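Remember, predicted model here, so these are calculated numbers, not experimental data.
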Amino acid sequence: MLDRRIVGLLSLSTAANIKLRTRLVVTLLFGGGLLGTWWYVYSEKQQRLRMQRVEQLKQVALGQGNFLLLDHTGRRRTKTDFLGSWVLLYFGFTHCPDICPDELDKMSAVVAALDKDNSLDPVQPLFITVDPDRDDVPALKKYVIDFHPRLIGLTGTGEEVKQAGKDYRVYASAGPKDDDGDYIVDHTILIYLVNPDGLFLDYYNRMKSQEQITESIRNHMKAYVKLPQ
């Protein structure tokens, strides 16, 4: 009699365990389904937001032109040459006493820092002169070697340089000449970020540190979605 009771209790315990496991499995499956559905909805929402942001950027009248300039090796370059690459762009001049070298040093440090992240594509740094009268190809070739090895210097005729600056709303005005014929060019001091689709994405002023710019660009790169063809 006792044995029957023991067997009965064991049977009830086994049945209860089976029911408990079944409930756990059902709960996990249901919870996993809800989580999967939430993640799908979230991902779709983020995708829509990114595409909306891209469409907004396409409407921004900044960097929409296709510049035609000479690089520091004498090769003709256009904006389309850099499609498919992330670009950091700075406008300045080689006779700039301190601000331009400081900003190009910072831009070079940002590019070098991003290079250390193997999950990111290389960033192409560009320097466009606002002083084409003095910054010819030989002058740029001598100047860019002091910065990141991938830095490309760009110059051209006065009109070509003016048009390139106009596309990015860059202000540039040469000051009066001194007794030696030297002069300073007052100009916009910004580093521009352009995505692989050739769209202006962000800008960084002098107040932004190397670390802040690096983190911002890293976030932009990780969130990037290529435009549909």
| message | Would you say the rings of Y143 and F127 are close, in the sense that their centroids are separated by under 6.0 Å? | response | yes

| query | Please walk me through it: do I152 and V144 pass side-chain contact (heavy atoms from CB on, under 4.5 Å)? | reply | CA-CA 7 Å; I152 295 176; V144 298; over 6 Å; no

| Below 4.5 Å, heavy atoms only, C-beta onward: do L70 and R76 meet side chain to side chain? | yes

| request: Check whether any side-chain heavy atom of C100 lies under 4.5 Å from a side-chain heavy atom of Y90, and answer yes or no. | output: yes

| said: Using modelled atom types and a 3.5 Å cut-off, is there a donor and acceptor pairing between side-chain atoms of S108 and backbone atoms of H148? | reply: yes

| message | I'd like to check C96 versus P101 (side-chain heavy atoms, cut-off strictly below 4.5 Å). Are they in contact? | response | yes

| Test log, rule side-chain contact (heavy atoms from CB on, under 4.5 Å), inputs V123 and M221 | CA-CA 10 Å; V123 176; M221 295 178 79; 4.1 Å; yes

| request: Determine yes or no for a side-chain-to-main-chain donor-acceptor pair under 3.5 angstrom, with D135 supplying the side chain and T94 the backbone. | output: yes

| message | Quick check: H187 with F91 (ring centres under 6.0 Å apart)? | response | no

| field | Validation row: W86, V194 side chains within 4.5 angstrom (heavy atoms) | value | no

| request: Working to the nearest 0.5 Å, report the span between CG of L88 and CG of L126. | output: 8.5 Å

| message | Tell me whether Y168 shares a hydrophobic cluster with L190, the cluster being built from Ile, Leu, Val, Met, Phe, Trp, Tyr side chains joined at under 4.5 Å. | response | yes

| said: Working to the nearest 0.5 angstrom, can you tell me the gap between H220 NE2 and E215 CD? | reply: 11.0 Å

| message | Restricting to non-hydrogen atoms, name the atom on G158 and the atom on P132 that form the minimum distance, rounded to 0.1 Å. | response | CA-CG, 3.9 Å

| Is Y203 close to T188 at the side-chain level, that is, under 4.5 Å between some pair of heavy atoms? | no

| query | Hey, which of D117, D202, D121 is the one that makes salt bridge (charged side-chain N to carboxylate O under 4.0 Å, His left out) with R218? | reply | D117

| said: Would you say that M107 contacts L151 through its side chain, given a criterion of any heavy-atom pair below 4.5 Å between the two side chains? | reply: yes

| Which pair of non-hydrogen atoms, one from T155 and one from V161, has the smallest distance, and what is that distance? | C-CG2, 4.2 Å

| Interatomic distance, D136 atom CG to K142 atom NZ [nearest 0.5 angstrom] | 11.5 Å

| Is the backbone of M207 close enough, under 3.5 Å, to the side chain of N205 for a donor and an acceptor to pair up by distance? | yes

| About how many Å separate CG of D105 and CG of D98, when rounded to the nearest 0.5 Å? | 11.5 Å

| message | Walk me through whether V185 and R134 qualify under side-chain contact (heavy atoms from CB on, under 4.5 Å). | response | CA-CA 11 Å; V185 180; R134 291 182 294 184; 4.3 Å; yes

| said: So does G153 get a backbone contact from the side chain of H72, meaning a donor-acceptor N/O pair under 3.5 Å? | reply: yes

| Any side-chain heavy atom of Y171 within less than 4.5 Å of one from D186? | yes

| task | Can you measure from CG (N66) to OG1 (T80) and round to the nearest 0.5 angstrom? | result | 4.5 Å

| message | Classify the ring geometry of F67 against F82: parallel below 30°, tilted from 30° to 60°, perpendicular beyond 60°. | response | tilted

| What closest approach, in Å, do I213 and I191 show between heavy atoms, and which atom pair accounts for it? | CD1-CD1, 4.5 Å

| task | Indicate, with yes or no, if I99 and V110 share a hydrophobic cluster defined by side-chain heavy-atom contacts under 4.5 Å among Ile, Leu, Val, Met, Phe, Trp and Tyr. | result | yes

| message | For R150, is there an ion pair with D115 - N to carboxylate O distance below 4.0 angstrom? | response | yes

| Side-chain donor/acceptor of K141 to backbone N/O of G74, under 3.5 Å | no

| Side-chain (D180) to main-chain (D182) donor-acceptor, under 3.5 angstrom | no

| said: Would F93 and I184 count as a side-chain contact (heavy atoms from CB on, under 4.5 Å) here? Give the steps. | reply: CA-CA 9 Å; F93 63 110; I184 295 295; 4.1 Å; yes

| request: Could you pull out the closest heavy-atom pair between V130 and A172, with the gap in Å? | output: CB-CB, 3.9 Å

| said: Less than 4.5 Å apart, side chain to side chain, heavy atoms only: is that true for L120 and K222? | reply: yes

| query | Roughly how far, to the nearest 0.5 Å, is NZ of K208 from CD of E103? | reply | 13.0 Å

| note | R206 and K106 have their tightest heavy-atom pair at O-NZ, 3.4 Å

| task | Could you pull out the closest heavy-atom pair between V137 and D71, with the gap in Å? | result | CG2-O, 3.7 Å

| query | Is there a donor-acceptor pair closer than 3.5 Å between any side-chain N or O of Y224 and the backbone N or O of N195? | reply | no

